[in-house]
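Numbers here simply count residues along the sequence, with the first being 1. Everything numeric here is computed off the predicted structure, so don't read it as measured data. Counting starts at 1 for both ligands and their atoms, following the listed order.
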Amino acid sequence: MKISDSQKKELQNAIKGEVLIPGNDKYEESRQLWNAMFDKKPAIIIRCRNKKDIAHAVNFGRDNNLLIAVKSGGHNSAGTGSCDNGLMIDLSPMQNVEVDAENNIVKAEAGCLLSTIDAATQKYGLAVSSGMISHTGVGGLTLGGGFGWISRKHGFSIDNLLSAEVITAKGEIVTASASENPDLFWAIRGGGGNFGVISSFVFKAAKIGTEVLSGPIVKSFDDLKEYMQFHREFVRTLPDEMTINMVVRHAPPLPFIPEKYHGKLVLLLPFVWLGDPDEGQRIIQNVRDCTETIGDGSGMYPWAGWQTAFDELNSHGARNYWKSHHITDLSDGFIDAIIEYALKFPTTECEMFIPHMEGAPSRIDPAATAFPHRKTPFLLNIHTRWRDSSDDEKCLQWVNDFHKATEAFAKGVYVNFISNEGADRVKDAYTAPIWYRLTECKNKWDPDNLFRINQNITPSNHK
Ligand SMILES: Cc1cc2nc3c(=O)[nH]c(=O)nc-3n(C[C@H](O)[C@H](O)[C@H](O)COP(=O)(O)OP(=O)(O)OC[C@H]3O[C@@H](n4cnc5c(N)ncnc54)[C@H](O)[C@@H]3O)c2cc1C
């Protein structure tokens with residue numbers, strides 16, 4: 001669709017933010033997504049400054065029959081933050097954060113990056129449970145679940161969500177909380193951007209202080225099997241204060257990794273301990289002692305700094321394809337598949353990310369939110385990452401083969417780690433009763449599927 005000058009002018013007069021069409025300054029910048037696999041060109045971008053702007057945008061999109069995509073941080077690996085020839089609602093100008101330090105409550109506008117929230121909350125030693133890469137957006141991350149370094153202790157982002165302001169498909173501004181529109185509140189905690197556009201989130205924050213014992217310990221790839229056989233039991237005995245994740249990849253040239261390992265396959269073991277540092281050191285020594293430690297970058301780090309530790313390895317602009325599963329057990333067969341496919345990494349930027357997920361989230365009733373797969377202890381996220389489009393075919397082949405090879409050890413998937421894998425794959429993020437309930441909510445809040453540029457929950461009456 002081509003937006004006429006008069007349409008643009010009328011819209012611009014009605015809102016505080018900016019209206020952009022192809023050729024305008026900032027149009028190119030605003031349409032960018034994290035994943036360079038997607039080069040979508042919306043017919044119009046509305047850069048919203050407040051909830052009323054969002055309501056105008058939703059009304060404009062609906063009344064003009066436009067596809068509507070919503071962008072917070074633009075990180076979704078499936079490229080759902082934008083669309084071709086439709087309307088992109090760009091929330092990135094909305095980055096205000098209010099901290100009520102007395103009550104540990106944080107209100108964050110939906111365009112915030114995680115770094116913006118960390119910067120505001122850390123002034124008070126607080127942190128909102130969220131993700132591990134600071135340039136991710138709070139919008140998509142929260143609506144899918146949101147896990148990171150403190151979620152084993154404090155719950156997922158959705159477990160700390162107290163309320164949200166939602167602009168519905170009708171353009172109405174409503175509150176979703178335990179007491180107001182509780183069905184909507186339930187659905188947005190795991191059901192993604194299917195039910196409306198969130199303008200702000202209110203979270204309970206955790207008092208974690210400003211420094212944490214954290215850092216990566218590095219192991220040789222040759223010892224991977226022995227280490228993983230230890231890890232699969234060991235981490236499951238740990239208090240929730242300790243989170244140790246695994247990353248299999250080619251070693252980046254970091255100062256604490258001996259040069260001879262740079263560019264070689266290694267196992268990184270980043271961890272965070274939220275307690276007395278001496279106690280944390282005692283626990284993590286078990287990891288250092290199991291198989292040879294070839295690098296150790298751990299120490300007391302400022303929380304906000306630690307949150308950026310892996311930003312560079314996940315920077316914008318590369319081509320990416322993510323595929324994932326929740327994993328029931330790091331069995332020997334699973335470990336063998338990890339070794340086999342690591343040896344076949346199609347590029348040196350690919351990695352296998354295997355976080356330990358159990359803790360506070362697994363003690364929450366799986367039906368309490370729309371994130372039911374809470375009890376699987378591990379997750380595998382296959383980060384396939386490359387630069388050159390001529391490598392597309394070999395990279396996609398590798399990730400699909402590897403994903404299939406690990407299916408036998410999997411149960412369900414995290415909705416935020418799904419790529420464009422078809423409508424049926426979305427259902428794997430849920431269980432049948434949760435899917436049914438989500439569909440009911442979709443029928444009520446978005447019966448015409450206005451919000452469909454996402455991992456879509458299709459209304460049951462929709463043709
Ligand atoms: C480098 C990187 C690191 C990551 N690390 C983690 C991690 O540690 N933990 C974790 O849980 N996840 C992580 N993720 C996954 C992340 O949660 C998803 O990619 C998420 O969709 C990103 O949110 P976004 O707002 O940046 O993305 P966007 O692409 O802007 O949004 C994704 C989708 O969310 C919906 N959406 C976003 N904002 C709104 C809103 N305000 N209202 C309605 N719908 C909205 C839309 O449907 C949109 O298509 C990571 C992703 C990347 C790329």
Side-chain angles (χ1 to χ4, degrees), residues 30-38 40 48 51 54 57-58 67-83 88-92 94 108-115 129-151 156-158 164-169 176 184 187-188 190-201 243 245 270 307-318 320-322 324 351 353 355 357 361 371 379 381 383 385 414-420 445-446 450-457:
S30 182
R31 73 180 182 87
Q32 297 304 323
L33 299 176
W34 170 80
N35 188 351
M37 286 287 270
F38 300 98
K40 299 183 182 179
C48 298
K51 59 188 171 190
I54 300 177
V58 168
L67 274 178
I68 298 181
V70 180
K71 172 175 147 178
S72 167
H75 271 49
N76 195 279
S77 61
T80 54
S82 186
C83 59
M88 177 204 260
I89 299 181
D90 181 2
L91 301 174
S92 55
M94 295 177 61
E109 283 191 319
C112 282
L113 303 184
L114 305 186
S115 55
S129 178
S130 65
M132 304 180 207
I133 304 295
S134 82
H135 46 70
T136 313
V138 72
L141 179 127
T142 301
L143 296 171
F147 76 94
W149 291 113
I150 66 170
S151 51
F156 296 145
S157 306
I158 51 171
E165 214 162 46
V166 185
I167 290 77
T168 68
L184 182 60
I188 61 168
N194 273 283
F195 305 94
V197 185
I198 282 66
S199 55
S200 61
F201 299 95
T243 300
N245 294 332
Q307 281 286 80
T308 66
F310 297 95
D311 282 9
E312 205 41 48
L313 292 177
N314 293 280
S315 58
H316 294 71
N320 293 271
Y321 194 89
W322 286 16
S324 183
E351 61 180 38
F353 171 53
M357 302 294 289
F371 190 124
L379 182 154
N381 195 14
H383 295 189
R385 188 172 161 89
Y414 174 32
V415 73
N416 274 349
F417 288 170
I418 303 180
S419 290
N420 293 315
W445 291 96
D446 185 19
L450 186 66
F451 304 115
R452 61 183 179 278
I453 308 296
N454 46 36
Q455 300 298 350
N456 197 229
I457 296 156

Asn314 meets the side-chain hydrogen bond (donor to acceptor under 3.5 Å, both in side chains) criterion, sequence neighbours left out, with none
Which residues pass the salt bridge (charged side-chain N to carboxylate O under 4.0 Å, His left out) test with Lys51, not counting sequence neighbours? Glu165
So which atom in Cys48 and which in Leu91 form the shortest heavy-atom distance, rounded to 0.1 Å? CB-CD2, 4.4 Å
Sorted by chain and residue number, the salt bridge (charged side-chain N to carboxylate O under 4.0 Å, His left out) partners of Arg385 (sequence neighbours excluded) come out as Glu349
Kindly say whether His135 contributes a backbone atom to a donor-acceptor pair with the side chain of His75 at under 3.5 angstrom? yes
Would you mind writing out a table of all protein N or O atoms found under 3.5 Å from any N or O atom of ligand 1, naming both atoms and giving the distance to 0.1 Å?
| from | atom 1 | to | atom 2 | distance (Å) |
| --- | --- | --- | --- | --- |
| ligand 1 | 8 (O) | Met132 | N | 2.8 |
| ligand 1 | 8 (O) | Phe147 | O | 3.4 |
| ligand 1 | 9 (N) | Phe147 | O | 2.7 |
| ligand 1 | 11 (O) | Phe147 | N | 3.0 |
| ligand 1 | 11 (O) | Tyr414 | OH | 2.6 |
| ligand 1 | 17 (O) | Asn416 | ND2 | 3.1 |
| ligand 1 | 21 (O) | Asn76 | ND2 | 3.0 |
| ligand 1 | 23 (O) | Leu141 | N | 3.3 |
| ligand 1 | 25 (O) | Ser72 | OG | 3.4 |
| ligand 1 | 25 (O) | Gly73 | N | 3.1 |
| ligand 1 | 25 (O) | Gly140 | N | 2.9 |
| ligand 1 | 26 (O) | Gly73 | N | 3.4 |
| ligand 1 | 26 (O) | Gly74 | N | 3.4 |
| ligand 1 | 26 (O) | His75 | N | 3.1 |
| ligand 1 | 26 (O) | Gly137 | N | 2.9 |
| ligand 1 | 27 (O) | His75 | N | 3.1 |
| ligand 1 | 27 (O) | Asn76 | N | 3.4 |
| ligand 1 | 29 (O) | His75 | N | 3.3 |
| ligand 1 | 29 (O) | Asn76 | N | 3.0 |
| ligand 1 | 30 (O) | Ser72 | N | 2.7 |
| ligand 1 | 30 (O) | Gly73 | N | 3.2 |
| ligand 1 | 30 (O) | Gly74 | N | 2.7 |
| ligand 1 | 41 (N) | Ile198 | O | 2.9 |
| ligand 1 | 42 (N) | Ile198 | N | 2.9 |
| ligand 1 | 49 (O) | Thr80 | O | 2.9 |
| ligand 1 | 49 (O) | Thr80 | OG1 | 2.7 |

Any chance the side chains of Asn456 and Asn194 put a donor and an acceptor closer than 3.5 Å? yes
